[in-house]
Amino acid sequence: MAFKIFVRLRLSLVENLPPSVSICGLIEPMDEPALIQSAQHGDLDSFNTLVLHYQDALFNTALRILGDDELAADATQEAFLSAFKNLTSYRGGSFKAWLLRTVTNACYDELRRQKRRPTTPLEPDTSDGDEMDSPRWLADSNLSPEQKAEADELEHAIQHCLENLPLEFRTVVVMADIQGLDYTEVAAAIRVPLGTIKSRLARARLRLRECLQDFWELLPAAFRLEKERL
Amino acid sequence: MTASFRDVELLSAYLDGQLDSNESARLESRLKSDESLRAVMDDLREARGILRQLPQRRAPRNFTLTPQMAGIKPPAPRAYPVFRLAAAVATLLFLITFVVNGLSPVAAPRLAAAPAPAFGMGGGGVGGSAPNESAPALQEPATQAPAQPFAQSMATAETPSAANDNSRVMTLAPKAAAPAPFSAAPAQVQPEAPVRNQEPVSTIWQIALGIVTLILGLTAWFLRSSSERKFRKQWNRK
């Protein structure tokens, strides 16, 4: 049952992939250095090609850090705008890591704004005090209502645990485990030493594991599946 | 044996393949013998696995930038800077004509005041009590206030020498006084006519310059807006 849910989830993801990403997950050939170079000379078309390529990664990073779709979309847009304006400051290396730095900066700005002007959510809260969200993939017709509910619970539990992490741990774990950057890329993106990345990631994983332990009854299928896969 | 935080760090890095071969070998041998270490590694692996299973959401919309958002202006047509400069110069000239014409009536009395001493010398320079009264009367309409003290001073300066010619003054005085009613009228008209003639830029030229300015400005605006429209159309087609 749990296996089926994840197979369905992955299929639904594949169906929702942008045109630039092939089904097996490999990115279609794109001359990234050439696009970056022409974008640095002000070519907006080249930059927009890069935007289409990386927008999902940036949006997901912002979503996992902020935990809100609309705020994540705003932060993503702001990050791309800032990236275009400061493209000349890009001096090589992983472009994805460089873009992720702009989006994390936009997220930090947003969180600072929220601290200054706290707002009350309009949507109803769940029993554990978290705001209810409605993921887009809930509308996926391939999943039964029960499967959708389980998938929603899993995502909700993970998001809840991520939000309980300190911001600097959350950023590292999102970049390394969700976006799949290696340690050097994460270190370059958030400008901290490699040792700090290792330490933060280890702590973040431990804390997440502890937090997810509380959802054991809620998410037994997910945990069992993980153990089965290992 | 419980795992230290250093062990947790090593295990986490080991999972990601970030340890060198020596460190990895050492840790693997410890893992074989230490159950608690294995349990920690399982926990870390689970946490990492669950995070990796988190579905990647698709962006709710495209975040591509428009030229307006990026602050990119459409390229101006080649002729645009020429027309813009010409329009600016024409506008400046147009304004200068008003300034020059506006200043000319102020300068006119000064110009008119310049021959006043010569006029005063002829009329009021004769001295005596009678000419002293009649000379200002003649000059008043022509030169207004500034001419009067000058004429008076000239008259008083010349009184001693003029006193010797009393007879001539007496004969001249009626002549000077007599035409006063006739000479007063032209004296009032005379200063106005040169002011009108001295206007540096005529109204016709001003109107012509205004029209030229307007045409140049409109042409520049049209060139710019048409290129902007073309740029926007091209962008929307993409």
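Hydrogens, waters and symmetry mates are skipped; everything else that's a heavy atom, side chains included, is used. Each chain gets a letter, A, B and so on, in the order its sequence line appears, and its residues count up from 1.
Using a 4.0 Å cut-off between charged nitrogen and carboxylate oxygen, B/Glu9 and A/Lys198 do not count as a salt-bridge pair. A salt bridge is defined here as a Lys NZ or Arg NE, NH1 or NH2 lying under 4.0 Å from an Asp or Glu carboxylate O, and B/Arg57 with A/Asp69 meets this definition. Of the charged side-chain nitrogens involved, at least one lies within less than 4.0 Å of a carboxylate oxygen, so that B/Asp16 and A/Arg205 count as a salt-bridged pair.
Of the listed residues (A/Leu81, A/Leu58, A/Val173, A/Leu63), the greatest number of heavy-atom pairs within a distance under 4.5 Å of chain B belongs to A/Leu81.
Counting only heavy atoms from C-beta outward, the side chains of B/Leu65 and A/Asn48 approach each other to under 4.5 Å.
Within 6.0 Å of the CZ atom in B/Phe5, the count of heavy atoms belonging to other residues, nucleotides or ligands exceeds 12.
Contact detail for B/Ala47 and A/Leu208: the closest heavy-atom pair is CB-CB, 4.5 Å. Smallest separation of non-hydrogen atoms from A/Phe59 and B/Ala59: CD2-CA, 3.9 Å. Scanning both residues, B/Ala13 and A/Tyr183, for their nearest heavy atoms gives CA-OH, 3.6 Å.
Within the 4.5 angstrom heavy-atom criterion, only side-chain atoms of A/Leu162, from C-beta onward, approach chain B.
Taking CG of A/Leu201 as the start and CD of B/Gln18 as the end, the distance is 9.5 Å to the nearest 0.5 Å. With rounding to the nearest 0.5 angstrom, the CG atom of A/Asp177 is 5.0 Å from the CG atom of B/Leu51.
A/Gln55 and B/Arg61 are not linked by any side-chain donor-acceptor pair at a separation below 3.5 angstrom, with hydrogens and angles left out of the test.
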